[in-house]
Enquirer: 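Dropping the structure in here first, questions after.
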Amino acid sequence: MCTFDKDKGPGRLMKKGFTLILVGHINFILGAIVHGSVLRHISKPNGQVTTEYTVANIISVSSGLLSIATGIIAIVVSRNLHVFKLQIGLVVASFLNALLSAACSTGLLLAISITIAHNGQGLMLGCNATEVPINARSPVSAQCPFDTTRLYDTTLALWFPCAVLAAVESGLSVWCFFVGLALRGLAPCGNSYIKEQLEEEAERSPHSQHLIGQRLNTDA
């Protein structure tokens with residue numbers, strides 16, 4: 001995990017960055033679809049906000065946006081391995097995205113479990129109250145502004161890929177996090193020696209030698 005090849009490593013980091021951007025966009029779009037075409041019916045029934053709505057929209061959409069930002073930083077770092085601020089940005093962004101994506105995946109799995117266990121009762125809060133408790137699979141006729149069966153099936157069909165994509169985002173972010181640690185020479189990746197190799201390469205670069213020559217001429 002902590003190994004980072006100076007020659008092949010930048011290309012792999014760039015690929016991981018592009019993958020994060022792609023997965024983040026897909027997760028963001030799925031979260032927007034869940035809100036726009038499904039859960040908008042139950043967003044604020046009687047002043048309440050359901051657990052499913054909060055998990056599927058706030059956490060999932062935020063995870064997608066942060067994944068896109070982390071992917072962009074990873075691509076920029078792959079082309080500028082020596083820049084200190086970019087290295088720190090990669091470490092911080094990937095760490096936060098790994099935590100948020102893991103929380104998103106866990107929360108979505110929890111929401112899926114609750115929805116299946118209760119037959120979608122939380123999705124029926126937008127319907128008019130009846131004397132008999134109803135759920136998305138109930139044969140009881142309820143006055144709903146939407147198709148209850150379609151709402152239940154569509155929500156689960158979108159939540160499952162969102163949970164998988166969030167797990168992928170978390171895994172990619174963990175990999176980028178260890179790459180950032182290796183570039184900075186921090187534990188547990190302090191023995192990769194990539195930081196020393198980059199510093200030696202920077203010292204041997206023509207630009208660095210030119211600056212050293214200017215300093216010597218100024219001192220003389």
Side-chain angles (χ1 to χ4, degrees), residues 1 16 19-71 91-130 132-140 142 144-178:
M1 183 69 74
K16 294 295 191 298
T19 305
L20 267 175
I21 293 176
L22 177 62
V23 174
H25 273 93
I26 296 175
N27 205 9
F28 177 80
I29 292 173
L30 290 179
I33 293 175
V34 171
H35 170 63
S37 63
V38 180
L39 297 182
R40 62 186 175 87
H41 300 292
I42 61 168
S43 59
K44 290 184 178 179
N46 300 326
Q48 298 179 357
V49 179
T50 62
T51 302
E52 292 86 351
Y53 175 82
T54 302
V55 172
N57 291 275
I58 298 177
I59 302 180
S60 181
V61 170
S62 300
S63 174
L65 290 175
L66 187 55
S67 296
I68 295 172
T70 304
V91 172
V92 174
S94 59
F95 177 75
L96 294 177
N97 192 49
L99 293 180
L100 185 60
S101 297
C104 175
S105 181
T106 303
L108 285 172
L109 292 176
L110 178 62
I112 291 172
S113 302
I114 293 175
T115 302
I116 295 177
H118 295 85
N119 290 322
Q121 288 184 3
L123 302 177
M124 300 293 292
L125 296 179
C127 300
N128 294 333
T130 59
V132 181
I134 59 174
N135 54 57
R137 296 297 187 183
S138 175
V140 177
C144 294
F146 49 84
D147 186 346
T148 57
T149 303
R150 175 178 172 272
L151 182 77
Y152 178 83
D153 294 336
T154 305
T155 303
L156 292 182
L158 292 174
W159 272 347
F160 275 112
C162 281
V164 174
L165 291 175
V168 173
E169 291 173 354
S170 181
L172 292 174
S173 298
V174 170
W175 188 87
C176 292
F177 174 70
F178 281 105

Enquirer: Could you check whether any side-chain N or O of Ser170 sits under 3.5 Å from a backbone N or O of Ala98, counting only pairs where one atom can act as donor and the other as acceptor?
Expert: yes
Enquirer: Looking only at heavy atoms, which two atoms of Gly64 and Glu169 are closest? And how far apart?
Expert: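 For Gly64 versus Glu169, the nearest heavy atoms are CA-OE2, 4.1 Å.
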Enquirer: Nearest 0.5 Å, please: how far is CD1 in Ile68 from CG in Asn27?
Expert: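 If I round to the nearest 0.5 Å, the distance is 9.0 Å.
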Enquirer: Going by the rule side-chain contact (heavy atoms from CB on, under 4.5 Å), which residues pair with Phe95 if we only count those two or more places apart in sequence or in a different chain?
Expert: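 Only Leu99, Phe177 meet the side-chain contact (heavy atoms from CB on, under 4.5 Å) criterion with Phe95.
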Enquirer: Regarding Thr70 and Ser94, do their side chains bring together a donor and an acceptor under 3.5 Å, going by distance alone?
Expert: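 Per modelled atom types, Thr70 and Ser94 side chains form no pair under 3.5 Å.
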Enquirer: For Ile26, which residues count as a side-chain contact (heavy atoms from CB on, under 4.5 Å) partner, sequence neighbours excluded?
Expert: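 Ile26 satisfies side-chain contact (heavy atoms from CB on, under 4.5 Å) with Leu22, Leu30, Leu165 once adjacent residues are dropped.
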Enquirer: Once rounded to the nearest 0.5 Å, what's the spacing between atom OG of Ser173 and atom CG of Leu66?
Expert: 7.0 Å
Enquirer: Calculate, to the nearest 0.5 Å, the distance between atoms CD1 and SG belonging to Ile59 and Cys162 respectively.
Expert: 12.0 Å
Enquirer: Would you compute the distance between atom OG of Ser60 and atom CZ of Phe28 and round it to the nearest 0.5 angstrom?
Expert: 9.5 Å
Enquirer: For residues 103-113, tabulate all N or O donor-acceptor pairs below 3.5 Å that involve a side-chain atom, not counting sequence neighbours.
Expert:
residue : atom : partner : partner atom : Å
Ser105  : OG   : Ala163  : O            : 3.2
Thr106  : OG1  : Ala102  : O            : 2.9
Ser113  : OG   : Leu109  : O            : 2.8

